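We number each residue from 1, following the sequence as shown. Here the structure is a predicted model, which means the values were calculated and not measured.
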Amino acid sequence: MEKTITDSLVSTLENLRENELKKFKLKLHEFPVKKGYDNIPRGTLEKADVVDLSLLLLNFYTGDYAAQVTAEVLRTINCRDEAERLLGHCRKW
């Protein structure tokens with residue numbers, strides 16, 4: 001069975017260490033999103049586990065853009081390998 005975008009987001013975020021996940025949430029809240037999109041509120045991010053965070057990304061940014069935002073934020077926190085792995089999965093869709 002092929003991985004879905006949700007599977008890929010969850011898998012990517014699960015590979016982050018605790019401090020990396022904290023940085024990810026902080027940077028995600030500050031990330032300059034495209035016009036027509038809103039940042040996920042900080043309070044919502046702080047409470048979210050990996051699964052909830054993946055669903056928030058998909059609800060706020062939709063499929064491909066959610067993956068793009070995730071990869072860009074991962075790059076800003078120096079998790080480039082995870083960003084590239086996620087984008088590699090996205091190219092298969």
Chemist: With side-chain contact (heavy atoms from CB on, under 4.5 Å) as the criterion, how do Leu16 and Leu74 come out once you've worked through the C-alpha distance, each side chain's angles and the decisive distance to 0.1 Å?
Modeler: CA-CA 10 Å; Leu16 299 180; Leu74 287 168; 3.8 Å; yes
Chemist: Taking all non-hydrogen atoms of both residues, which atom of Ser11 and which atom of Lys3 are closest, and how far apart?
Modeler: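 Closest heavy-atom pair between Ser11 and Lys3: OG-NZ, 3.4 Å.
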Chemist: Walk me through it: do Leu53 and Leu9 pass the test side-chain contact (heavy atoms from CB on, under 4.5 Å)?
Modeler: CA-CA 9 Å; Leu53 183 54; Leu9 287 171; over 6 Å; no
Chemist: Look up atom CG in Asn59 and atom OG1 in Thr44, then write down how far apart they are to the nearest 0.5 Å.
Modeler: 11.5 Å
Chemist: Apply salt bridge (charged side-chain N to carboxylate O under 4.0 Å, His left out) to the pair Arg75 and Glu84, showing each step before the final yes or no.
Modeler: CA-CA 9 Å; Arg75 286 185 186 116; Glu84 295 310 313; 2.9 Å; yes
Chemist: Provide the closest heavy-atom pair for Asn39 versus Leu28 in the form atom of the first, atom of the second, distance.
Modeler: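 Answer, listing the atom of Asn39 first, then Leu28: ND2-O, 3.2 Å.
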Chemist: How many angstroms lie between atom NZ of Lys27 and atom CD of Glu72, to the nearest 0.5 angstrom?
Modeler: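 Result: 13.5 Å between the selected atoms.
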Chemist: Measure the spacing between CG of Leu21 and CD of Glu14 and express it to the nearest 0.5 Å.
Modeler: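 Interatomic distance, Leu21 CG to Glu14 CD, rounded to 0.5 Å: 10.5 Å.
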Chemist: Any side-chain to backbone donor/acceptor pair from Ser54 onto Val50? Under 3.5 Å, distance only.
Modeler: yes
Chemist: Would you say the side-chain atoms of Asp7 pair up with the backbone N or O of Thr4, donor to acceptor, closer than 3.5 Å?
Modeler: yes
Chemist: Side chains of Tyr37 and Phe60, heavy atoms from C-beta outward: is any pair under 4.5 Å?
Modeler: no
Chemist: Should the pair Arg17-Glu20 be classified as a salt bridge under the 4.0 Å nitrogen-to-oxygen rule?
Modeler: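 Salt bridge: yes.
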Chemist: Measuring from atom CG of Leu57 to atom OG1 of Thr6, what distance do you get when rounded to the nearest 0.5 angstrom?
Modeler: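 With rounding to 0.5 Å, CG (Leu57) is 10.0 Å from OG1 (Thr6).
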Chemist: Decide if atom CD of Glu30 counts as having more than 12 heavy atoms of other residues, nucleotides or ligands within a radius under 6.0 Å.
Modeler: yes
Chemist: Grab the two heavy atoms, one from His29 and one from Ile40, that are nearest each other, plus how far apart they are.
Modeler: ND1-O, 3.1 Å
Chemist: Any idea which heavy atoms bring Ala71 and Ala83 closest together, and the distance?
Modeler: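 In terms of heavy atoms, the two residues are closest at O-CB, 3.5 Å.
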Chemist: Does Asn15 reach the side chain of Asp81, with side-chain heavy atoms less than 4.5 Å apart?
Modeler: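 Contact flag for Asn15/Asp81 side chains = no.
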Chemist: Answer with yes or no whether the hydrophobic clustering places Leu45 together with Leu26; edges join I, L, V, M, F, W, Y residues whose side-chain heavy atoms lie under 4.5 Å apart.
Modeler: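 Result: no, two separate clusters.
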Chemist: Please report the C-alpha distance between Val73 and Lys23 in whole Å, then the side-chain angles of each, then the deciding distance to 0.1 Å, and finally whether the side-chain contact (heavy atoms from CB on, under 4.5 Å) criterion is met.
Modeler: CA-CA 9 Å; Val73 173; Lys23 287 180 189 176; over 6 Å; no
Chemist: Passes side-chain contact (heavy atoms from CB on, under 4.5 Å), Thr70 versus Tyr61? Steps please.
Modeler: CA-CA 10 Å; Thr70 301; Tyr61 307 124; over 6 Å; no
Chemist: Where do Leu87 and Ala67 come nearest, in terms of heavy atoms and distance?
Modeler: CD2-O, 4.4 Å
Chemist: For residues Lys34 and Tyr65, report the shortest heavy-atom separation together with the two atoms involved.
Modeler: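 Minimum heavy-atom separation between Lys34 and Tyr65: N-OH, 2.7 Å.
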